[in-house]
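These notes are about the structure you will find just below.
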Number of protein chains: 2
Amino acid sequence: MAKNLKSIQRREREREELREQILDVAMSIFTKEGYEAVTIRRIADEVEYTPGALYSYFGDKEDIVFALVVRASKKLNALFQSLEALPHPLERLWATGRAYMRFAMENPVEYDLLFIMSAPIQKMAECDFDETRTAFHILRKTVQECMEQGFLPRADADAAAFAMWSFVHGSVSLMIRKRLAAIPEEKYDDLLQGAFNFLMNAMMPRHQETPAIMLSAPKVLAKKKIGKK
Amino acid sequence: MAKNLKSIQRREREREELREQILDVAMSIFTKEGYEAVTIRRIADEVEYTPGALYSYFGDKEDIVFALVVRASKKLNALFQSLEALPHPLERLWATGRAYMRFAMENPVEYDLLFIMSAPIQKMAECDFDETRTAFHILRKTVQECMEQGFLPRADADAAAFAMWSFVHGSVSLMIRKRLAAIPEEKYDDLLQGAFNFLMNAMMPRHQETPAIMLSAPKVLAKKKIGKK
DNA sequence: ATAAGAATTGAACATTGTTTAATTTACTAT
DNA sequence: ATAGTAAATTAAACAATGTTCAATTCTTAT
């Protein structure tokens, strides 16, 4: 009766490992070949199990996709939390915007899962997803502080925070979903940076001195400009 | 040999009618039950033909979806063109933004097809789609005029136009794809209007007198507030 | 070694998009 | 009117999808 604790723990750990491996594989296929290629049979092939086996790890395909959303959400949240420490609210706002755009452009599949795809919205609604909710509240708080300290025109903080989120989301999602036929892809980075600068500068009260960070800011995607050569 | 012109014309017209009916039905299913419900067999059922028959009208399913995109594109373009006549560039900019948001919120399926879905992007890339391209150029021209007349801070017109498009796209697509858990749906309209006002006001040079239209502007989605009672 | 329990398989289902040979329909020429 | 022809439509099949479940294998405690 009294089962061996060691083996039951090990079995649980192995189950968890396979679960993670399934998600790894799903993500990898998604990234390399697009969502249509993410198939139960294809995943099963790559983890060397039978399709049916996956159903003892996930209820259905949507559960797999949703698990990917949760992963992506944690990744983005960690990024945001690392910025909360910045004391200057305008610098924080600036850095958050840049980090958001950069995350999206460097992790388009994660971004797609989090903010564009319709596949997981059913289950996202059920879990009602605190992550993005708190992210928005943090953004609003930052905006509010900016207003209080005179870096932004005083106005409804909800509206202003939503406006900024809308801008960054809009710009990256137009790029990710290739709805920018008017602009060649090489110019995406410059455009992103230029539009962001334009908005931030435009919003700053005229008498306000432009903070140093806004003048010396590197490009949004400055770092790893891999491939493309 | 010399075929009867009348009947060949009529056959062509009938073909065209069925083609349109297929698109009507597809759009109707999409609107009422979502994209997953839009199935070749389902469409065939509703037009009272056999699934195979549809393939003499469209090459494949993606062709059908793309035809829906073309339809939506014409609809949106007509809307834009009706605004080109406005002489005052800031008023035109303002009206265009409101019209865009309103189009999206009142025609979420069309908007999805045009700017969010990934299904038709293959064929959109092939046709390289002049519609949205010229729409962007028109927007840029309006922005440019606003800058020249002192209604917007002088800056790169491409970046500024892109920033504005990004904002409106971002806001409506977050709503359409239900990524706004932080905000109850009843507030969508107010938020849209508030964010738009915030951005427009923030961008206007401080010394500039606020044009009348910006003060008296009705809500973005003022008109038909159907249902929801 | 054996029994119990968990994990995995294999085979089946229903549903998808798509193709194609066969059939029906519509129309022209006699 | 009739036969022939070209177009339109069907019916049936295919492969691939998500999913289920009885049968089998594997693991582990006794």
Side-chain angles (χ1 to χ4, degrees), chain A residues 1-23 25-26 29-30 33-68 117-123, chain B residues 1-23 25-26 29-30 33-68 117-123:
Chain A
M1 233 343 138
K3 303 219 168 184
N4 184 343
L5 193 67
K6 270 287 178 49
S7 35
I8 169 172
Q9 277 181 338
R10 196 204 55 211
R11 261 221 318 274
E12 252 172 47
R13 196 190 56 224
E14 283 172 352
R15 265 191 83 81
E16 186 54 31
E17 276 169 12
L18 180 49
R19 220 189 104 98
E20 293 300 315
Q21 204 202 334
I22 289 168
L23 296 179
V25 162
I29 298 170
F30 196 164
E33 304 174 38
Y35 183 66
E36 336 74 68
V38 180
T39 262
I40 298 290
R41 280 173 175 81
R42 175 72 189 280
I43 298 171
D45 262 10
E46 297 206 12
V47 296
E48 295 175 297
Y49 278 77
T50 272
L54 302 208
Y55 285 86
S56 89
Y57 291 84
F58 294 93
D60 57 14
K61 193 185 176 183
E62 206 189 332
D63 272 342
I64 296 179
V65 176
F66 181 67
L68 295 179
M117 282 185 59
S118 56
I121 94 173
Q122 184 85 0
K123 258 141 195 168
Chain B
M1 236 341 142
K3 305 220 168 184
N4 184 345
L5 193 66
K6 272 285 178 51
S7 34
I8 170 173
Q9 276 180 336
R10 195 203 57 209
R11 261 218 322 273
E12 253 171 47
R13 196 189 56 224
E14 282 171 352
R15 264 191 84 83
E16 187 54 33
E17 276 168 11
L18 180 49
R19 220 188 104 100
E20 294 300 315
Q21 204 202 335
I22 289 168
L23 296 179
V25 162
I29 299 170
F30 196 164
E33 304 175 36
Y35 184 64
E36 335 75 68
V38 180
T39 264
I40 298 288
R41 280 174 174 81
R42 175 71 189 280
I43 299 171
D45 262 11
E46 297 206 12
V47 297
E48 294 175 301
Y49 277 77
T50 272
L54 303 207
Y55 285 85
S56 89
Y57 290 84
F58 295 93
D60 56 15
K61 193 185 175 181
E62 206 187 333
D63 272 342
I64 296 179
V65 175
F66 181 67
L68 295 180
M117 281 185 61
S118 55
I121 95 174
Q122 183 84 1
K123 257 140 197 172

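Order of the sequence lines sets the chain letters (A, B, ...), proteins ahead of strands, with each chain counted from 1.
- Checking C:dA7, C:dT9, D:dT9 against the side-chain heavy atoms of B:Ser56 singles out D:dT9 as nearest.
- Closest approach to the A:Tyr49 side chain among C:dT8, C:dA7, D:dT10 is made by C:dT8 (side chain taken as heavy atoms from C-beta onward).
- In this structure, B:Thr39 reaches the C:dG17 phosphate: one of its side-chain N or O atoms is under 4.0 Å from OP1 or OP2.
- Closest non-hydrogen pair, A:Ala37 versus A:Ile29, comes out as O-CG2, 3.5 Å.
- Dense packing is recorded around CD of B:Glu14, with more than 12 heavy atoms of other residues, nucleotides or ligands lying under 6.0 Å away.
- Sequence order on DNA chain D of the closest nucleotides to B:Arg41 and A:Ala37 puts B:Arg41 first from the 5' end.
- At the phosphate of D:dT9, OP1 or OP2 sits under 4.0 Å from a side-chain N or O atom of B:Tyr57.
- Taking every side-chain heavy atom of B:Ile40 into account, C:dG17 is the closest of C:dG17, C:dT8, D:dT9.
- For the pair A:Glu62 and B:Arg15, both in contact range of DNA chain D, the more 5′-proximal nearest nucleotide belongs to B:Arg15.
- If B:Tyr55 and A:Leu54 are placed on DNA chain C by their nearest nucleotide, the residue sitting closer to the 5' end is A:Leu54.
- Candidate nucleotides D:dT28, D:dA7, C:dT9 were compared by shortest atom distance to the side chain of B:Arg11, and D:dA7 ranks first.
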### Query
Hey, mind stepping through B:Asp63 and B:Asp60 against side chain to side chain contact (heavy atoms under 4.5 Å, CB included) and telling me if it holds?
CA-CA 5 Å; B:Asp63 272 342; B:Asp60 56 15; 3.5 Å; yes
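- A:Glu17 CD: more than 12 foreign heavy atoms inside a 6.0 Å radius.
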